[in-house]
Amino acid sequence: MPKLGELNALDRAEFTRIVAPVFEHSPWVAARTESQRPFSSRERLHEALVATVRAASDEEKLCLIRAHPDLIGEGELTAASQTEQASAGLDHASSEEAKQFREYNRQYRERFGFPFVICARLNKKEAIARAFPVRLQNSREQEIEIALQEISKIADLRLRDLVE
Ligand code: GUN
C-alpha cells in the first residue's frame, strides 16, 4: 500500500495507473487530477478527484455513472466492485431477492437511462432494496446528483484501501 508521499512522487503515468481504479472504469479522473500534486492528505486528494468529476461535462458525468455495474447484474466485475457487492451481502442473495433486484435494475435503467448507483459498502442488501422504489420516484436531475454523491463515497472508501 503506497503512502501519500509516494503517490505524490510518482511519474504521471504511474500515478494515474495506481489511482485510476478509485473511479470505476474511468482513468480520466485520476489523469486530470494528477497535475495538482502534491496533496497534503488523503482527504485533499479525494476532494480534488471529486472536483475533477464535478468539473467534467454532463456527458462525461453520465459516462462515469454508466461505468458502474448493476447490483446483482451480469458480466465480469472489477475486483473493487466484487468486494463492494459482497460487503452488502449481494453475493448471498436468495433467488427471490435476485429476481427483485433484476426487476428494479430494469425499471431504473428504463426510467433514467443509467444504472442505479448506491455505495454498496455503506448499505446492506435490505437497505438497497428499500432505496430502489424511493429513488425511482425522483427526477432524472435528482438521480444524477445522488449518483455522483454515491460515487464520491465509493471513491472515498476505495482511496482509504489504496493509500496508507
Ligand atoms: N453499482 C451500484 N452500486 C455500486 C457500488 O457501490 N460499487 C460498484 N462498483 N458498482 C455499483
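None of the values given here were measured: they were computed from a predicted structure. When a ligand or atom number is given, it counts from 1 through the structure's own listing order.
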For each nitrogen or oxygen atom of ligand 1, which protein N/O atoms lie closer than 3.5 Å, and how far apart are they, rounded to 0.1 Å?
unit_1, atom_1, unit_2, atom_2, d
ligand 1, 1 (N), Pro69, O, 3.0
ligand 1, 3 (N), Ile118, N, 3.4
ligand 1, 3 (N), Ile118, O, 2.6
ligand 1, 6 (O), Ile118, O, 3.0
ligand 1, 6 (O), Ala120, N, 2.9
ligand 1, 7 (N), Glu84, OE1, 2.6
ligand 1, 9 (N), Ser81, OG, 2.6
ligand 1, 9 (N), Glu84, OE1, 3.0
ligand 1, 9 (N), Arg158, NH2, 3.2

Write out all pairs satisfying side chain to side chain donor-acceptor pair (under 3.5 Å) with one or both partners inside residues 61-76, taking only residues at least two apart or from two chains.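 The answer is Asp70-Arg109.
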
Any side-chain donor near an acceptor of the partner, Glu84 and Ser87, under 3.5 Å: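 Side-chain D/A pair, Glu84 to Ser87: absent.
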
Is there a donor in the side chain of Glu103 and an acceptor in the side chain of Gln107, or the other way round, less than 3.5 Å apart?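 Their side chains do contain a donor-acceptor pair, which is all the 3.5 Å distance test asks for.
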
Indicate yes or no for a side-chain donor-acceptor contact from Gln137 to the backbone of Val134 under 3.5 Å, with no hydrogens or angles considered.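 No; zero donor-acceptor contacts below 3.5 Å.
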
Quick one: ring pair (Phe, Tyr, Trp, His ring centres under 6.0 Å) partners of Phe116, sequence neighbours excluded?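 So Phe116 forms a ring pair (Phe, Tyr, Trp, His ring centres under 6.0 Å) with Tyr108, Phe132.
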
Which residues pass the side-chain contact (heavy atoms from CB on, under 4.5 Å) test with Gln82, sequence neighbours left out?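 Leu77.
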
